[in-house]
Amino acid sequence: MSKNRLSVEFAGLTFKNPFILSSAPPTMDARHILRAAKLGWGGAVMKTVTEEPTVDPRTRLGVLRKNGKAIGMNNIELLSRKPLTTWTEDWIPKIKQEAPEDFIFIASIMSGIEPEGWTALAETMSQTGADAIEINVSCPHGSPEKHMGAFIGQDPTLVEQVTRAARKGTDLPLLVKLTPNVTDIIPIANAAVKGGADAISAINTVESLIGIDIETATPLPIAYGIDTTEQMSTYGGFCGPAVKPIGLRFVSQIAKAHPNIPISGIGGIENWSSAIEYLMVGARTLQVCTAVMWHGFSIIKDMISGLTEFMERKGYESLDSIIGKALPKITSWTALTKLPPVVARIIAEKCTGCKECVIACADGGFVAIQMRDKIAVVKNDKCDGCGLCAIVCDYDAVEFVHIK
Ligand SMILES: Cc1cc2nc3c(=O)[nH]c(=O)nc-3n(C[C@H](O)[C@H](O)[C@H](O)COP(=O)(O)O)c2cc1C
């Protein structure tokens with residue numbers, strides 16, 4: 001396999017591999033970014049800066065667990081803690097000097113509804129040696145209260161205006177990072193393109209309330225009110241493996257509407273296989289936050305080797321032959337036929353006799369599964385082929401077969 005099979009062209013830039021750190025705590029300063037760069041990441045988007053440094057509440061991260069395992073996270077954190085000048089005078093020059101030459105550094109900026117702020121920030125970032133600029137119109141918490149972030153990103157007119165304003169300030173590739181907190185992302189993507197975006201990043205976090213501590217009736221993550229004693233919280237941004245279906249939806253919709261605009265896919269990418277899912281729905285690069293926060297920068301090694309081995313096994317010569325490969329198979333509901341008829345079949349060797357599928361099918365399905373000799377068995381004439389039994393089976397003991 002040639003060495004550069006993972007390289008990809010994106011908005012005029014060449015990434016040595018598609019894996020980028022998204023704008024988040026792992027890109028909070030030069031030290032973090034340089035460590036990632038040296039471990040082989042293709043690039044990084046710095047933690048977003050705005051005109052004023054952020055002061056964050058504590059605590060600010062909450063978790064969603066399933067059987068003890070974290071599957072999603074929410075945060076009420078805002079933007080960079082350090083002033084713009086720390087980035088422009090100290091950290092970005094250091095990163096550009098010390099990172100491998102082929103490491104792509106993307107500056108991330110946020111301003112308000114006045115276009116001048118975007119132009120000024122884009123101009124400033126263009127003079128730092130950054131390779132590209134991502135504009136953040138998508139942070140769902142805190143920022144919207146100040147008419148920033150997702151407040152802008154939910155309004156096509158504002159998205160077009162601020163994209164155009166940032167465009168005015170830079171000749172660098174311009175990425176617009178979109179929010180999933182909209183009913184229809186296409187008018188927003190159209191506005192970004194009309195305003196001069198070279199690429200789209202999607203998605204930022206999903207607005208959420210992660211949970212309630214039921215012992216104290218306190219929303220999570222627990223932070224403190226202004227008086228510093230009363231425990232309170234606020235709506236945050238949800239991310240991690242649990243948001244992958246939402247990210248895949250938006251990326252695929254944007255890719256279908258704008259086949260010529262490169263997309264940086266984000267949302268729940270945790271390993272090489274979830275990365276491939278994003279490539280297959282049209283993403284050209286892949287941004288990762290939660291998986292790095294949970295498992296560290298070194299996950300890049302498995303991501304690269306897993307993607308490479310997959311490409312070898314399947315005979316894919318380049319990422320271009322994977323990108324968008326699933327898109328033609330995403331159609332409308334109306335375009336799906338009821339035929340051919342498919343029914344469930346329990347693979348006897350894998351069935352443990354736990355009865356989960358029997359219970360689910362009895363109460364949530366078509367009463368089509370019975371126990372016979374301690375093994376679940378499907379009655380073909382009752383089975384509707386809905387797929388519920390496979391969802392509740394922890395042993396991968398269900399397959400679907402065509403019947404005549
Ligand atoms: C703690 C935290 C801080 C974040 N800060 C930013 C930010 O400053 N700018 C930004 O564009 N996105 C920010 N994000 C969003 C991530 O870049 C990313 O879009 C989101 O987490 C989805 O990716 P993931 O599922 O891989 O985490 C932040 C996410 C987290 C968890």
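The analysis underlying the following values was restricted to heavy atoms, covering all of them including side chains, and did not include hydrogens, waters or symmetry mates.
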### Task
Please confirm whether the backbone N or O of V401 pairs with a side-chain atom of R345, one donor and one acceptor, at under 3.5 Å?
no
### Message
With a 4.5 Å cut-off on side-chain heavy atoms, are I210 and P221 touching?
### Response
yes
### Query
Does L158 reach the side chain of V137, with side-chain heavy atoms less than 4.5 Å apart?
no
### Query
Does A223 offer a backbone N or O that forms a donor-acceptor pair with the side chain of T59 under 3.5 Å?
no
### Message
I'd like to check I113 versus F151 (side-chain heavy atoms, cut-off strictly below 4.5 Å). Are they in contact?
### Response
yes
### Message
Has N17 got a side-chain atom pairing as donor or acceptor with G42's backbone, closer than 3.5 angstrom?
### Response
yes
### Query
What are the two closest heavy atoms between I246 and P180, and how far apart are they?
CG2-CB, 4.1 Å
### Task
Check whether any side-chain heavy atom of L39 sits under 4.5 Å from a side-chain heavy atom of K301, and report yes or no.
yes
### Message
Before you tell me yes or no, could you show the steps for E270 and T290 under side-chain hydrogen bond (donor to acceptor under 3.5 Å, both in side chains), namely the whole-Å CA-CA distance, both residues' side-chain angles and the distance that decides it to 0.1 Å?
### Response
CA-CA 8 Å; E270 55 175 340; T290 301; over 6 Å; no
### Query
Can a salt bridge be assigned to the pair K47 and D29 using a cut-off of 4.0 Å between side-chain N and carboxylate O?
no
#### Entry: Exam field: side chain R5 to backbone Y316, donor-acceptor pair closer than 3.5 Å
yes
### Message
How long is the straight-line distance from CE of M110 back to CG of L78, given to the nearest 0.5 Å?
### Response
7.5 Å
### Message
Minimum heavy-atom separation for A197 and I261, please, with both atom names.
### Response
O-CD1, 4.1 Å
### Query
Distance-only, no hydrogens or angles: does the T119 side chain make a donor-acceptor pair with backbone N or O of G169 under 3.5 Å?
no
### Message
What verdict does the side-chain contact (heavy atoms from CB on, under 4.5 Å) test give for L21 and F297, after you've listed the backbone C-alpha separation in whole Å, the side-chain angles of each residue and the deciding distance to 0.1 Å?
### Response
CA-CA 9 Å; L21 295 168; F297 292 129; 3.7 Å; yes
### Message
Please determine whether the number of non-hydrogen atoms from other residues, nucleotides or ligands lying under 6.0 Å from atom CD1 of I226 exceeds 12.
### Response
no
### Message
Please evaluate residues L279 and K325 with respect to the criterion side-chain contact (heavy atoms from CB on, under 4.5 Å), reporting the C-alpha separation (whole Å), side-chain torsions for both, the decisive distance (0.1 Å), and the verdict.
### Response
CA-CA 8 Å; L279 293 171; K325 201 160 171 62; over 6 Å; no
### Closest approach of A217 to P219 (non-hydrogen atoms, all atoms of both residues)
O-CD, 3.9 Å
### Query
Do L84 and M125 have side chains that get closer than 4.5 Å, going by heavy atoms?
yes
### Query
Can you check whether D198's main-chain N or O pairs, donor with acceptor, with R167's side chain at less than 3.5 Å?
no
### Query
In this structure, are over 12 heavy atoms from other groups packed under 6.0 Å from Q97 atom CD?
no
### Task
Taking the side chain as every heavy atom from C-beta outward, state whether M303 and V288 have any atom pair closer than 4.5 Å.
yes
### Query
Is the backbone N or O of S274 less than 3.5 Å from a side-chain atom of N271, with the two atoms forming a donor-acceptor pair by type?
yes
### Query
Using a distance-only test with no angle check, is there a side-chain donor-acceptor pair under 3.5 angstrom linking D320 and S318?
no
Would you be so kind as to tabulate the donor-acceptor pairs closer than 3.5 Å made by side chains of residues 98-106, with sequence neighbours excluded?
from, atom 1, to, atom 2, distance (Å)
E98, OE2, K94, NZ, 3.1
D102, OD1, K16, NZ, 3.0

### Query
At their closest point, which heavy atom of I330 faces which heavy atom of S252, and how far apart are they?
CD1-CB, 3.8 Å
### Summary
Between A199 and A11, the two heavy atoms sitting closest are CB-CB, 4.2 Å
### Message
Donor-acceptor pair, distance only, cut-off 3.5 Å: does the side chain of N74 make one with the backbone of E207?
### Response
no
#### Entry: Flag if over 12 foreign heavy atoms under 6.0 Å of CG, D373
no
### Query
In this structure, are over 12 heavy atoms from other groups packed under 6.0 Å from D171 atom CG?
no
### Summary
When rounded to the nearest 0.5 Å, the distance separating CG of L209 from CD1 of I76 is 10.5 Å
### Query
Can you find a side-chain donor-acceptor pair between E230 and Y224 that sits under 3.5 Å?
no
### Query
If only atom types and distance count, is the side chain of T27 paired as donor or acceptor with the main-chain N or O of S23 below 3.5 Å?
no
### Query
Quick one: CZ on F310 to OG on S305, what's the gap to the nearest 0.5 Å?
14.0 Å
#### Entry: Aromatic plane relationship, W41 with F19 - under 30° parallel, 30 to 60° tilted, over 60° perpendicular
perpendicular
### Check against side-chain contact (heavy atoms from CB on, under 4.5 Å), R58 and R60
CA-CA 5 Å; R58 299 183 175 127; R60 56 182 171 276; 3.6 Å; yes
### Query
So T54 and D56, side-chain hydrogen bond (donor to acceptor under 3.5 Å, both in side chains) or not? Walk me through it.
CA-CA 6 Å; T54 292; D56 277 314; 5.4 Å; no
### Query
Would the number of heavy atoms belonging to other residues, nucleotides or ligands and lying under 6.0 Å from NZ of K96 be above 12?
yes
### Side-chain heavy-atom pair T179, Q154 within 4.5 angstrom cut-off
yes
### Query
Is the NZ atom of K256 crowded by more than 12 outside heavy atoms at less than 6.0 Å?
yes
### Message
Rounded at 0.5 Å granularity, tell me how far NZ in K177 sits from OG1 in T48.
### Response
6.5 Å
### Plane angle bin for W87 and W91 - parallel if under 30°, tilted between 30 and 60°, otherwise perpendicular
perpendicular
### Message
Please determine whether side-chain contact (heavy atoms from CB on, under 4.5 Å) holds for the pair N136 and M148, giving the CA-CA distance in whole Å, both sets of side-chain angles, and the decisive distance to 0.1 Å.
### Response
CA-CA 9 Å; N136 177 345; M148 300 167 91; over 6 Å; no
### Message
Looking at A130, is its backbone amide N or carbonyl O close enough to the side chain of T128 to form a donor-acceptor pair, meaning the two atoms are under 3.5 Å apart?
### Response
yes
### Message
With heavy-atom distances below 4.5 Å as the criterion, would you say the side chains of H141 and N75 are in contact?
### Response
yes
### Message
How about CD on Q231, more than 12 heavy atoms from neighbouring residues, nucleotides or ligands closer than 6.0 Å, or not?
### Response
yes
### Task
Mind listing the closest non-hydrogen atom pair of C389 and F400 along with its distance?
SG-CZ, 4.4 Å
### Message
With rounding to the nearest 0.5 angstrom, report the NZ to CD distance, K379 to Q370.
### Response
4.0 Å
I'd like a table of donor-acceptor pairs (distance under 3.5 Å, sequence neighbours excluded) in which one partner is a side-chain atom from residues 357-365, with atom names and distances.
none

### Query
Of T170, I133, I109, which is the lone residue that meets side-chain contact (heavy atoms from CB on, under 4.5 Å) with W118?
I109
### Query
Distance from Y278 atom OH to Q287 atom CD, nearest 0.5 Å?
11.0 Å
